[in-house]
Number of protein chains: 2
Amino acid sequence: MRLSARTQYALRAAVELAAAPSGPVPADRISIAQRIPRRFLDNILLQLRRAGLINSQRGPDGGYWLARPAAEISLADIILVIEGVAQEHERFPGVSEPLEKVLGALREHQDNLLAEITLAHVAGGSLPDLSR
Amino acid sequence: MRLSARTQYALRAAVELAAAPSGPVPADRISIAQRIPRRFLDNILLQLRRAGLINSQRGPDGGYWLARPAAEISLADIILVIEGVAQEHERFPGVSEPLEKVLGALREHQDNLLAEITLAHVAGGSLPDLSR
DNA sequence: CCTGATTCCTACTAAATAAGTCGGGTTATC
DNA sequence: GATAACCCGACTTATTTAGTAGGAATCAGG
């Protein structure tokens, strides 16, 4: 489970939005609360907005907010936007072929869990059962 | 579950050794069977030997073989040697803190599974239950 | 003791990715 | 029109990845 700094920042920013009372949250607030370099954060928020996960408003009292309820945005949604879709790996020849099944199972378990957990879970601090 | 080409090659080479009848297997055989660039494979096998996972013998009829029974070498053993020990990630501040638990749970599940599956499982084509 | 097969070892390189930074443009409110 | 905010593409720097190069050392058989 290796996530790039960019992806981790995106998740943290999104959780910050989920936790905020309704209304626009300026990037500065997120940057400070989550200790994310300001210009880098801009960049990331832009990507999230283009993907339709968040909305934005310019000018004084502008900022960002979630485009959907926090309970309807999963961690997988965000990761997918930032990391893009993973291209499939090459085949494993001969006796190593069963390795594909192992790696596939790991990926699948991971995807399932990340698709289940929403920003509401995280921001509310009440996570579903993680032990499966 | 992102594994570098180097790590995948290491796993595949190890499985190839596990599947071979006893006696040294020359790097050339592995290289061809698993379609791994020869010089790169040398490099990887060297690393596995230095870590004590495999043994080697030079000269005609030389080659490589597992240092322990295939049932006693897990995929995690090999991955650990190649990728090194993962340093811990930074803390997630404020409301994003629960994300740590999520990522930790994923990592743990993954580590457990990889520690359970051995080269014997893979080479024999009979994997334990992957659905947990 | 020579030849060929094989591993051993360090160093190098090219390409891709990651992690930001920069400079300015645009929009909205007062 | 000043100020607060987002918008956007391009750029930079460091690290990692995926190998490659060039040979040295070792071993068996003839």
Side-chain angles (χ1 to χ4, degrees), chain A residues 2-13 16-17 20 23-67 79 81-87 89-90, chain B residues 2-13 16-17 20 23-67 79 81-87 89-90:
Chain A
R2 158 73 185 156
L3 293 180
S4 68
R6 185 179 184 87
T7 304
Q8 297 187 20
Y9 288 157
L11 290 171
R12 285 157 57 180
E16 196 70 28
L17 292 183
V25 180
D28 250 347
R29 271 253 313 267
I30 306 175
S31 167
I32 291 166
Q34 290 296 323
R35 297 208 195 82
I36 303 172
R38 179 54 214 275
R39 307 295 296 255
F40 197 18
L41 176 60
D42 271 2
N43 201 304
I44 293 165
L45 290 170
L46 186 60
Q47 189 175 359
L48 292 178
R49 186 185 58 82
R50 283 179 171 156
L53 290 181
I54 64 179
N55 293 126
S56 63
Q57 167 77 45
R58 298 206 255 205
D61 291 319
Y64 299 88
W65 63 96
L66 298 178
I79 293 173
V81 165
I82 302 294
E83 312 237 290
V85 57
Q87 79 273 15
H89 59 275
E90 60 180 313
Chain B
R2 157 73 184 154
L3 293 180
S4 67
R6 185 179 183 86
T7 304
Q8 297 187 21
Y9 287 158
L11 290 170
R12 284 157 58 181
E16 196 70 28
L17 292 183
V25 181
D28 250 348
R29 273 253 313 266
I30 306 175
S31 167
I32 291 166
Q34 290 296 323
R35 296 207 195 83
I36 303 172
R38 178 56 213 275
R39 306 297 295 256
F40 198 17
L41 176 61
D42 271 1
N43 202 303
I44 293 166
L45 290 171
L46 187 59
Q47 190 174 359
L48 292 178
R49 186 185 59 81
R50 282 178 172 158
L53 290 180
I54 63 178
N55 293 126
S56 62
Q57 166 77 44
R58 298 206 256 207
D61 290 320
Y64 299 88
W65 63 96
L66 298 179
I79 293 173
V81 164
I82 301 294
E83 313 235 291
V85 56
Q87 79 273 14
H89 60 276
E90 61 179 313

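Protein chains get the first letters and strands the later ones, always in sequence-line order, with residue 1 at the start of each.
- Going from atom CG of A:Asn55 over to atom CG of A:Leu48 covers 11.5 Å, rounded to the nearest 0.5 Å.
- Across the protein-nucleic acid pair, B:Asp61 atom CG and D:dT26 atom P stand 19 Å apart, rounded to whole Å.
- Considering only side-chain N and O atoms, B:Arg38 lies under 4.0 angstrom from the phosphate OP1 or OP2 of C:dT7.
- Side-chain contact check for A:Leu46 versus A:Arg50: some heavy-atom pair is nearer than 4.5 Å.
- Contact annotation: A:Ser4 side-chain N/O to C:dT17 OP1/OP2 distance is not under 4.0 Å.
- The B:Phe40 side chain lies nearest to D:dG19 when the options are D:dG19, C:dG20, D:dG22.
- Mapped onto DNA chain C by nearest heavy atom, A:Tyr9 and B:Asp28 fall at different nucleotides, with B:Asp28 at the one closer to the 5' end.
- Panel note: side chain A:Ser31, backbone A:Ile36; a donor-acceptor pair is recorded below 3.5 Å.
- Contact of the B:Gln47 side chain with the B:Arg6 side chain is registered, since non-hydrogen atoms from C-beta on lie closer than 4.5 Å.
- In this structure, A:Arg58 atom CZ and C:dG24 atom P are separated by 18 Å, rounded to whole Å.
- Between B:Arg49 and the phosphate of C:dC9, there is a side-chain N or O to OP1/OP2 separation shorter than 4.0 Å.
- Taking side-chain N and O atoms only, B:Arg50 has a distance below 4.0 Å to OP1 or OP2 of C:dC9.
- Comparing C:dA28, D:dT26, C:dC9 by their closest approach to the side chain of A:Gln57 singles out C:dA28.
- Rounded to whole Å, the distance from CZ on B:Arg6 to P on D:dT20 is 13 Å.
- Between the CD atom of A:Gln47 and the C1' atom of C:dG20 there is a distance of 14 Å, rounded to whole Å.
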